[in-house]
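What follows is a short report on a single structure.
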Amino acid sequence: MELVLSVSIGVLVASGVWLTLRPRTFQVIIGLCLLSYGVNLFIFAMGRLVEGAAPIMPKGGFVDPDVYADPVPQALVLTAIVISFATTALFLVVIMASRGLTGTDHVDGSERNP
Amino acid sequence: MTPALILAWVLLLSQVCLVSALVLASMRAIRGPRAQDRVTGLDTMYVCAMLLMVVTGMRQGTHFLFEAALVIGTLGFVATTAMAKFLLRGEVIE
Amino acid sequence: MTHLEQLPPSVALIIAAFVALGSILTLIGALGLIRLGNFYDRLHAPTLATSWGAGGILLGSVMMFSTLGSRLVVPELFLGLMMLVTTPVTLMVLGRAALHRDRAEGRAPYDTLPLSKK
Amino acid sequence: MSMIPHPVVSILVTILWMVLTGFSTGQLVLGVLVGLIAGVGYGRLATDRVRLRRPGMMLRLAGRVALDIIQSNYNVAALILHDRRRHRRKSGFVRIPLDLTNRNALATLAIIVTSTPGTAWIDLDPDDNHLLLHVFDLKDEDDWAHTIKTRYEPLLMEIFR
Amino acid sequence: MISPVHMIVAPILIPLVSGAIMLLYDERRRRLKQGIGLASCGLQLVVAIALILRAKDSGDAVSLYLLGDWASPYGIVLVLDRLSAVMLLLGSLLALPSLLYAGARWHRNGQHFGPLFQFLLMGVNGAFLTGDLFNLFVFFEVMLAASYGLLLHGTGRARVGAGLHYIAINLLAAMLFLLGVALIYGVTGTLNMADLATRVANLSAADRPLIHAAAVLLSGAFLIKAAMWPLCFWLPNAYSAAAPPVAAVFSIMTKVGVYTVIRLGMLLFGPAAGASSGFGAEVLVVGGLATIVFGMVGVLASQDLSRMTGNLVLVSSGTLLSVVGLALEYQSAPMLSGGLYYMFASTLAIAALFLLAEPIGRKEGGIAGLLAVTAEAYGLDPEDEVATGDVGPVIPGATTLLGIAFLTCVMVVAGLPPFAGFVGKLAMLAPAVDVAATLPFVWGHWLFVALLILSGLATMIAMVRWGIQSLWANADEPPLPMVEIASVMALVGTLVLLTFAAEPAMRYLDRTAEALTQNSVYIGKVMTTAPTGTGTE
Amino acid sequence: MLAETLILLLVVLPFLGAIAATTMPVSARNGEVVLGGGVMLAGLVALAALFDQVSDGRVVSRTIEWVPSIGLDLTLRVDGFAWLMLLLVFGIGFLVVIYARYYLSPADPVPRFYGFLLAFAGAMVAMLISGNILVMVVFWELTSVFSFLLIGYWHQSAGARDGARTALIVTGTGGMALLAAMILLGQVVGSYRLDDVLAAGDIVRAHEWYPWILGLFLLGAFTKSAQVPFHFWLPNAMAAPTPVSAYLHSATMVKAGVYLLVRFSPVLGGTPAWFWIVAGTGMATLILGALIALYRNDLKGLLAYSTISHLGLITALAGIGSGGAIVAAIFHILNHAVFKASLFMAAGIIDHETGTRDMRRLSGLRHSMPRTSALAIVAAAAMGGVPLLNGFLSKEMFFAEAADWHNGTWLDTALPYLATLASIFSIAYSLRFIVQVFFGPPATDLPKEPHEPAAWMRRPVELLVLLVLLVGFWPAAMIGAVLQSGVLAVLGVDAPYYSLALWHGFNTPLKMSLTALALGTVLYLIAAPRLQRANEAPAFLERLSAQALFDRLMLLLTRKWSLRLYRRFGTRHLQVQMRLVVLLVAAGAAATLIDATRMWPRGLFQNFDITFALMWLAGCGCAIGAAVQAKYHRFAALALLGGAGLVTAATFAWFSAPDLAVTQLMVEVVTTVLLLLGLRWLPKRSQEIAGDRSYQARARRAQDLVIASVCGVGVASLAFAVMTVAPGLTIGDWFRRNAYAEGGGTNAVNVILVDFRAFDTLGEITVLGIVALTCYALLRRFRPAPESVALPSQQTFVELPPLSAAEAECEAEAKASKEPTRHDVMMAIPSVIMQWMFPVAIAMSAYLFLRGHDLPGGGFAAGVAFAIALLLQYLATNVRWIESRITILPVRWIGAGLLFAVGTGAGSLLFGYPFLTAHAQYVTIPLIGQVPAATALLFDLGVFAVVVGATVLIQIAIAHQSLRSARLRARDEAEALSQEER
Ligand code: NA
Ligand code: NA
């Protein structure tokens with residue numbers, strides 16, 4: 001599991017990074033989305049992987065923390081998801097505006113001079 | 001072989017089936033060739049993932065994954081429908 | 001003792017049957033998605049998964065959790081209904097879009113031509 | 001605007017709520033509340049009242065559809081698995097004239113047709129109310145027209161009258 | 001009666017509430033919104049002063065606020081110490097004049113200026129106050145999100161182009177931040193900065209490299225914000241493209257980056273950090289010095305004031321980063337206090353220069369020129385109003401006033417006596433030489449001394465050249481609304497005040513710096529403060 | 001006590017005067033004179049009162065604290081030498097104030113002039129009497145600044161602007177160097193107090209930093225007093241009004257440099273380095289200045305170079321550094337100030353009355369301006385060093401030192417000859433000044449008819465020339481005491497014996513003087529005709545002009561080099577910046593991890609699960625597919641992104657994070673719709689991008705692929721390294737234990753979000769709100785690219801037959817009534833089902849909201865669900881149709897939601913608990929049973945509102961663009977139609 005998830009995080013991050021280094025705005029935004037998947041999974045992985053142990057507690061009594069997944073990374077990922085959603089939306093609007101104002105979808109607002 | 005064991009095996013196999021279905025659907029999404037094929041692929045991926053969550057929940061004996069499945073089942077179609085509408089009309093909201 | 005062992009054997013077997021049916025149908029649907037030759041044919045493949053594919057698995061789930069919790073747990077039915085209702089929306093729009101695109105590119109399937117009434 | 005613009009919708013939502021959350025008094029109260037809100041929400045969008053009649057017919061329809069779906073599941077699954085002999089199967093479009101005009105009924109028909117493996121609702125011609133259907137295994141066009149017109153349409157016309 | 005203890009959370013809540021209230025009114029109620037905004041900024045200033053006094057008076061000068069009344073390493077805590085109090089004061093000192101200035105015309109140049117401005121302040125203040133690493137991320141994002149909006153305020157090609165780069169880079173930075181925080185949690189199991197500091201000190205040898213890697217990831221995020229070369233190229237473009245009041249208030253944002261570097265650097269890698277002590281100090285020194293050089297070259301190479309000022313931001317950042325690096329490396333508090341003083345002065349002056357750029361530039365084209373700049377924004381929408389017309393009373397003798405303000409600011413940023421900039425530079429130079437005298441072969445200090453002086457020189461050369469061209473070569477009096485010059489003068493006045501009050505300020509900052517290098521008080525306070533009661537029954 | 005008050009007064013008065021002066025009305029010329037003169041007179045009176053207390057080497061001082069913690073205190077310290085300099089500042093200042101009254105024209109804004117002048121005087125005074133070497137630098141720099149402002153007084157003239165800029169840059173640079181020198185000096189001595197520094201000469205000279213201190217110090221002193229090669233700013237500064245030249249550029253400011261040399265000669269002097277640099281520079285300046293002065297045609301230019309030359313003389317004396325030399329230096333500071341100020345004023349009168357300062361045009365002024373001529377001739381003679389005038393005396397002292405003092409170097413041997421040579425030149429230029437301006441036939445083509453100036457304009461000159469004569473005749477009586485106290489202040493017990501007598505016999509200095517006088521006259525006679533036509537400098541100097549060098553340096557510095565460097569070490573390309581960020585961080589992280597044992601792979605295939613691996617096979621395939629397709633097939637990339645997101649969500653579900661799965665899925669849906677909405681405005685890419693297959697482009701892609709892979713591997717191995725080691729004690733344990741007991745909810749994640757760490761959530765929803773507002777604001781002025789304005793091609797292709805006239809009418813009617821149009825019919829049946837889903841989705845939203853605290857769900861999920869429900873309705877029909885039925889005010893939702901969340905959190909303040917303290921309880925309601933009633937639920941309601949508002953606002957803002965662009969199209973069509981009609 002750990003291996004598969006690590007490799008997957010790596011693939012997401014690598015694709016994301018590769019795309020964010022590209023010159024077209026849409027590539028960058030897709031890249032940022034992929035990157036945020038990778039990062040979110042990374043945060044999540046920091047709580048270690050547990051199957052069938054959602055952090056939903058019994059009502060009262062002794063609670064053994066080790067039986068449940070760590071809720072902290074999950075809470076962090078939730079916040080991160082929301083924030084990356086918001087910023088993706090904003091970035092999208094900005095690339096729309098940039099496309100409209102410059103007539104190109106190059107990140108620099110003008111085509112690279114050969 | 002007890003029924004419980006059989007069920008365990010069936011659930012495992014079911015997971016394998018569903019994941020294989022997911023992989024096949026993703027192949028359609030990746031290969032295309034046309035945009036509508038990709039959307040069909042993605043739509044199927046959604047269904048497979050949803051069923052996978054249900055089966056995983058059954059295997060793990062937890063019902064907490066059901067919400068995730070429910071969200072896919074109820075609202076997941078909005079994404080693919082929007083894509084389809086984009087293909088149909090060139091814009092999602094007119 | 002796992003939760004599966006808590007199930008009565010007969011129930012376990014029925015659940016197994018439903019789940020097996022559902023997942024195999026789903027797999028076949030996905031297989032169709034890959035194997036079928038044109039888009040309109042492929043359009044039919046996912047419905048295998050959303051009709052009895054999902055139905056089998058969800059019924060299995062209902063049985064399992066109702067038995068385990070010894071009370072009726074049926075939200076799966078809601079989910080199944082939703083699958084039934086929502087999947088066609090995507091497929092209808094998608095089929096319409098495909099037809100529209102094909103027509104726009106002048107490669108409409110011949111047998112749809114009557115629609116254009118020309 | 002009335003408090004309960006769409007009783008049918010509100011009741012259906014309440015039932016769905018109960019299905020979703022479990023059957024208890026508390027959930028019933030909540031479900032009714034949610035159902036009312038949902039009804040009001042629907043009322044803002046749809047001006048025509050949703051009417052459902054003849055619960056018996058509804059059950060008959062449901063049974064018929066369930067059976068049809070089971071059967072076509074088998075058919076289509078088989079066809080997919082044996083698709084190497086592709087030449088024996090011919091898929092294609094069928095145009096079927098419909099008498100149904102109620103949009104809710106039409107939508108229900110669309111769901112039935114599309115959810116059934118092997119048939120896919122593509123379009124409804126607004127001018128002459130012809131349905132364009134894609135059929136996975138098209139042996140006889142009239143056969144499909146017949147199925148729709150006899151198996152589903154009359155029931156739907158009764159239910160959504 | 002609400003206890004004054006809650007004043008610590010006020011700098012976050014005041015802007016949040018006032019911003020939210022503004023959203024309840026539509027865009028036509030601009031005057032009301034501006035009024036709410038000014039009231040909020042004024043209140044923040046009052047609170048900041050009160051907090052400074054509190055931090056000054058209280059014995060150990062660290063006050064804790066347990067949000068939700070949860071015990072310290074678990075819940076989120078706000079920590080008010082001398083450093084955060086100073087930063088809050090700086091922020092509110094910038095905010096009030098900038099907002100006032102915006103009231104002349106800029107806030108009408110687009111939508112939702114008022115709320116965005118308040119939310120920016122909320123983010124900035126939150127970043128200064130929070131004692132929790134992830135909460136810091138959240139406030140960073142609040143600040144950044146608002147800054148995106150403010151940068152794009154008024155749109156136009158330049159702003160959107162710069163904004164695109166700014167946002168892309170900051171989104172990447174946010175990813176780094178998240179990776180870093182997550183890694184820290186994964187290894188240490190905590191998010192509270194003080195708790196983290198104690199855990200870092202006791203890390204096993206196997207875990208330590210991971211924490212260092214996390215620190216590298218985090219510093220990527222912070223140093224982008226603090227604009228360290230070579231992560232700083234977005235800054236001059238973005239700041240010079242932004243509307244003047246926006247650029248002015250942005251000058252606090254690089255300081256947020258610097259603040260986090262100081263806070264986390266001193267806390268996690270201070271003298272008590274065991275094997276991690278002084279981690280990354282060399283990078284800060286080298287990067288800071290490189291930033292000074294780059295900013296200096298940029299100031300010389302720039303042709304217009306806002307871009308020059310943008311590069312001055314780099315010089316200021318570079319100076320601070322190298323000071324922090326040197327302080328981290330040699331535990332030298334005096335230099336740090338000088339750096340803080342310099343930061344205070346240079347930030348205010350830079351803000352004033354951003355505000356000045358536009359009225360002085362107006363000499364060349366007048367209102368028409370202003371319109372030409374933003375004309376591309378007015379195209380499509382008939383409902384869009386053109387931001388001209390009523391700008392309030394215009395004052396005579398504009399050139400003289402602008403000249404005085406400009407010269408004062410130049411003297412501050414160049415470190416020319418007698419203003420605060422000089423005092424700040426001196427307060428860094430003397431200890432730097434001091435350290436260099438006691439330790440042989442410390443090239444970092446000598447280089448720092450040389451660059452500090454050279455950068456002042458370059459600033460003077462470039463700014464004087466520009467000022468002469470713009471203020472002296474053109475005989476026209478620019479139209480200068482009272483509100484605009486009043487806000488500039490408020491900043492200049494603050495600078496003068498800072499010069500006169502240099503001694504109390506330096507004494508306060510000396511203690512600030514000492515507390516930073518001796519972080520046990522901070523950690524102890526955070527780890528021992530108990531909740532007021534049980535939050536639940 | 002009185003003395004201490006007086007010295008404070010000396011500093012404060014001019015500054016107060018300056019403030020008062022600037023506040024006077026623009027035309028208050030007389031008022032300004034009274035004010036300025038009053039200040040100067042008061043200064044003189046105070047000086048007079050102080051003299052007794054500083055005369056025999058005593059010092060009066062007083063300390064005012066400024067920033068003692070960094071050694072900055074305003075120690076005011078007056079000794080004989082400072083007193084002597086102050087005499088110049090106030091004395092000549094007094095005369096200049098009066099002179100300027102008549103010099104300035106009524107059009108000149110006098111408040112600014114007098115304000116700056118008095119402020120300069122204040123800075124100068126403060127510099128002279130500051131007993132703290134850092135504060136000395138402070139005021140030193142201030143004199144530069146005020147000098148800058150005064151030179152630029154007539155800023156309409158380009159010359160004034162250039163002159164001011166050059167002066168500030170050169171002297172300001174020197175000032176910075178001086179600051180560095182003083183800091184080092186203070187470090188070496190251990191104190192910034194002047195007294196301590198002056199007493200620590202031996203320590204300083206022995207210190208390893210001495211060369212640095214000396215170099216920086218001299219840079220400061222030389223730039224200020226215009227020593228070669230930094231002299232060029234002074235002639236340019238002549239663009240200043242003449243009173244300024246007379247005051248700053250002859251008598252006071254330029255003397256600050258030599259003042260400093262003399263003052264610090266006991267500390268830094270006496271070493272070979274000092275001698276060679278200071279005396280060498282001084283001599284070079286002396287000779288070059290005199291030589292160039294000879295060539296200048298401009299009266300003020302001549303005087304400026306003469307000033308440079310005389311400053312060189314004083315510098316040379318300081319360089320020699322013997323007791324006699326110091327005496328001569330101090331004496332010459334005084335003498336030069338007196339005759340040069342009078343000459344400048346005279347030149348100003350000539351300029352004022354004739355309209356020109358060009359010696360080639362001036363001639364025979366003795367006829368029209370006899371009194372002025374007489375005065376100027378006497379002063380010029382003193383400048384040339386003619387006997388019986390004050391300049392002669394100090395020059396003789398210099399000659400004596402040059403001839404008598406020895407240290408055995410070649411420079412020492414050459415000194416007498418060089419001094420004589422310089423004197424020859426100075427005689428020649430003085431003669432040129434006298435002969436060409438005042439003698440010869442009266443000039444005919446002057447801009448103005450020359451006549452004597454107003455009497456009061458001449459009075460200052462008269463007074464100064466009187467001093468020239470009096471000092472020349474009775475030096476000891478006139479100036480002996482002052483000079484003696486100055487010398488004592490500098491040299492203390494080492495002060496030499498000297499005589500101020502007129503006649504010392506026919507000695508070497510006199511011989512040198514006479515030789516110079518004779519040869520100078522001869523030189524003038526030979527050179528005069530050529531000088532009329534020559535350039536303004538000797539040819540070799542013209543080529544080697546420091547001014548040209550400076551200008552070139554500035555150009556290179558501020559244009560070429562800086563721009564080149566800036567471009568070389570900076571970039572404006574986003575790609576490069578992103579690459580740098582990634583590379584730097586990756587390299588830094590790699591460096592820290594290089595020997596991390598925990599990073600070594602172990603247990604690779606533990607817990608390997610084939611299904612999970614297969615799932616990620618699909619996920620990774622989608623991710624890589626998206627990366628490949630994003631350039632040319634955006635839609636495909638979008639679909640594949642959805643696939644990757646789906647697998648991510650499934651992973652969350654798999655590993656016990658149902659809340660994450662739910663949220664991720666819903667956000668996924670909204671993001672997809674958003675990106676689709678955006679795609680509308682990024683037209684389909686039908687052509688290949690130019691150069692996309694070029695070698696460079698491929699190389700860039702490959703390079704980035706390597707970088708990206710490194711990052712991927714790095715993050716993956718970090719994740720693996722952490723995941724495979726069990727966590728220690730985390731704060732998560734506490735949350736798990738206390739979620740129910742303390743937080744009152746069973747869903748620990750939700751309890752964290754709305755209670756334990758609700759502050760994060762508050763920030764998070766604020767971010768969402770902010771972003772929505774920004775999107776909205778930006779889109780209000782969105783301008784689509786021209787090719788995007790058109791209707792999408794899908795809609796221009798009509799598969800249905802053209803409308804008949806009647807049908808078209810129906811269509812128009814339908815549009816007007818906001819009913820679905822014929823085009824909407826394509827979506828007719830699907831949209832019915834979508835409408836059915838509205839109540840269901842509302843129920844879903846309620847379901848997710850109510851379950852949140854105990855089970856997966858929560859305010860955020862509910863909000864997004866609700867937003868999706870609305871979105872679906874937009875999808876089903878169109879904007880106008882929906883908005884005519886449902887009124888949503890998303891901005892208010894955001895505002896209200898934020899206020900609600902804050903309000904809930906602030907409620908606890910009323911009960912004395914900190915912000916966001918939650919109160920949780922299960923309430924038993926009849927029929928329903930136990931219901932969780934936590935304030936956290938209310939907080940979640942705020943979250944819900946913000947999420948709905950923000951999500952809807954963003955989507956709608958983008959969606960509205962289609963509407964706007966339709967309006968735009970309609971307008972364009974109407975315009976095209978009306979043009980056709982025309
Ligand atoms: Na679906
Ligand atoms: Na079907």
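The analysis underlying the following values was restricted to heavy atoms, covering all of them including side chains, and did not include hydrogens, waters or symmetry mates. Numbered from 1 within each chain, the chains take letters A, B, ... in sequence-line order.
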| request: State the CG-SG distance between F:Leu675 and A:Cys33, to the nearest 0.5 angstrom. | output: 5.5 Å
| Residue F:Leu753 versus chain A: region with a heavy atom under 4.5 Å | side chain
| Using non-hydrogen atoms only, which part of F:Ile689 is less than 4.5 Å away from chain A: side chain, backbone, both, or neither? | side chain
| query | Under the 3.5 angstrom rule, does the side chain of F:Arg634 hit a backbone N or O of A:Phe26 as a donor-acceptor pair? | reply | no
| task | Name the region of A:Leu92, side chain, backbone, both or neither, that has any atom closer than 4.5 Å to a heavy atom of chain F. | result | side chain
| query | Do the non-hydrogen side-chain atoms of F:His573 and A:His106 ever get within less than 4.5 Å of each other? | reply | no
| message | Is F:Ala739 in contact with chain A via its backbone, its side chain, both, or neither, using a 4.5 Å heavy-atom distance? | response | side chain
| task | Report the option among F:Ala637, F:Pro856, F:Gly712 that has the most heavy-atom pairs separated by less than 4.5 Å from atoms of chain A. | result | F:Gly712
| remark: What one should report as the nearest heavy-atom pair of A:Pro65 and F:Arg736 is O-NH1, 2.9 Å
| request: Answer with side chain, backbone, both or neither: which region of F:Leu574 has an atom nearer than 4.5 Å to a non-hydrogen atom of chain A? | output: both
| Yes or no on side chain to side chain contact (heavy atoms under 4.5 Å, CB included) for A:Leu78 and F:Phe860, after CA distance, side-chain angles and deciding distance? | CA-CA 9 Å; A:Leu78 272 177; F:Phe860 182 82; 5.7 Å; no
| note | Separation between CG (F:Asn750) and CD (A:Gln74), nearest 0.5 Å, reads 11.5 Å
| note | Heavy-atom closest pair (A:Phe44 atom, F:Leu660 atom, distance to 0.1 Å) is CD1-CD1, 3.7 Å
| What residue, out of A:Leu49, A:Leu34, A:Val39, A:Val77, has the most heavy-atom pairs lying under 4.5 Å from chain F? | A:Leu49
| note | Of all heavy-atom pairs linking A:Pro71 and F:Val749, the shortest is CB-CG2, 3.9 Å
| task | Let me see the working for A:Val11 and F:Trp616 under side chain to side chain contact (heavy atoms under 4.5 Å, CB included), right down to the final yes or no. | result | CA-CA 10 Å; A:Val11 170; F:Trp616 269 106; over 6 Å; no
| query | Considering only heavy atoms, which portion of A:Pro58 lies under 4.5 Å from any heavy atom of chain F: side chain, backbone, both, or neither? | reply | backbone
| query | Does any N or O in the side chain of A:Arg22 come within less than 3.5 Å of the main-chain N or O of F:Ala627, such that one atom is a donor and the other an acceptor? | reply | no
| note | Highest number of heavy-atom pairs under 4.5 Å with chain A among F:Arg579, F:Gln955, F:Arg680, F:Arg737 belongs to F:Arg737
| Interface moiety of F:Val715 toward chain A, non-hydrogen atoms closer than 4.5 Å | both
| said: For F:Arg572, is there an ion pair with A:Asp108 - N to carboxylate O distance below 4.0 angstrom? | reply: no
| task | Could you tell me whether A:Arg24 and F:Asp692 have a side-chain N and a carboxylate O separated by less than 4.0 Å? | result | no
| task | Among the options F:Gly619, F:Ala649, F:Ala697, F:Ala726, pick out the one with the most heavy-atom pairs lying under 4.5 Å from chain A. | result | F:Ala726
| query | Considering only heavy atoms from C-beta outward, does the side chain of F:Gln629 approach that of A:Ile30 to under 4.5 Å? | reply | no
| said: Is it true that A:Thr79 and F:Glu764 share a donor-acceptor pair across their side chains at a distance under 3.5 Å? | reply: yes
| request: Could you check which of F:Met615, F:Glu668, F:Gln606 has the highest count of heavy-atom pairs closer than 4.5 Å to chain A? | output: F:Glu668
| request: Against chain A, work out which of F:Trp734, F:Phe605, F:Trp654, F:Phe735 has the most heavy-atom pairs shorter than 4.5 Å and name it. | output: F:Trp654
| task | Go through the atoms of A:Val94 and report whether side chain, backbone, both or neither lie under 4.5 Å from a heavy atom of chain F. | result | both
| query | From F:Asp609 CG over to A:Met1 CE, what is the distance, rounded to the nearest 0.5 angstrom? | reply | 3.5 Å
| message | Quick check for you: to the nearest 0.5 Å, what is the distance between F:Asn607 atom CG and A:Glu2 atom CD? | response | 5.0 Å
| message | Under a 4.5 Å cutoff for heavy-atom pairs, which residue among A:Ile9, A:Val72, A:Leu21 has the most contacts with chain F? | response | A:Leu21
| remark: Honestly, the part of A:Phe42 sitting under 4.5 Å from a heavy atom of chain F is side chain
| request: Would you mind telling me which of A:Ala45, A:Gly47, A:Pro23 has the largest number of heavy-atom pairs within less than 4.5 Å of chain F? | output: A:Pro23
| Toward chain A, the part of F:Ser717 with a non-hydrogen atom under 4.5 Å | neither
| message | Is there a side chain to side chain contact (heavy atoms under 4.5 Å, CB included) between A:Ile95 and F:Trp681? Walk through the geometry before answering. | response | CA-CA 9 Å; A:Ile95 69 176; F:Trp681 306 103; over 6 Å; no
| request: Determine whether A:Val82 and F:Val667 make a side-chain contact, defined as any pair of heavy atoms from C-beta on separated by less than 4.5 Å. | output: no
| query | Under 3.5 Å, is there a donor-acceptor pair between the side chain of F:Ser656 and the main chain of A:Gly52? | reply | yes
| said: Looking only at heavy atoms and a cut-off of under 4.5 Å, which of A:Leu5, A:Val13, A:Ile56 has the most pairs with chain F? | reply: A:Ile56
| Pick from A:Ile83, A:Val28, A:Leu41 with the largest number of heavy-atom pairs that fall under 4.5 Å of chain F | A:Leu41
| Taking every heavy-atom pair that is under 4.5 Å apart, which of F:Leu640, F:Val767, F:Leu674, F:Val628 has the most such pairs with chain A? | F:Leu674
| note | Note: A:Asp70 and F:Gly732 closest approach over all heavy atoms is OD1-CA, 3.3 Å
| F:Phe655 vs A:Arg48 side-chain heavy atoms within contact, under 4.5 Å | no
| said: What part of F:Tyr740 gets within 4.5 angstrom of chain A, counting heavy atoms only: side chain, backbone, both, or neither? | reply: side chain
| remark: Closest non-hydrogen atoms of F:Leu768 and A:Ala86, given as atom of the first, atom of the second and distance, are CD1-CB, 3.6 Å
| request: Against chain A, label F:Leu679 side chain, backbone, both or neither, depending on which of its atoms sit under 4.5 Å from a heavy atom there. | output: side chain
| message | Checking A:Phe85 against F:Val864 for the side chain to side chain contact (heavy atoms under 4.5 Å, CB included) test, could you report, in this order, the C-alpha distance in whole Å, the side-chain angles of both residues, the deciding distance, and whether it holds? | response | CA-CA 11 Å; A:Phe85 157 69; F:Val864 184; over 6 Å; no
| message | Quick check: closest heavy atoms across F:Gly678 and A:Met96, and the distance to 0.1 Å? | response | CA-SD, 3.9 Å
| What option among A:Gly109, A:Gly103, A:Ala89 has the most heavy-atom pairs under 4.5 Å with chain F? | A:Ala89
| Between atom CH2 of A:Trp18 and atom OG of F:Ser709, what is the distance when rounded to the nearest 0.5 Å? | 10.5 Å
| remark: Cut-off 4.5 Å, heavy atoms of chain F, and the answer for A:Leu90 is both
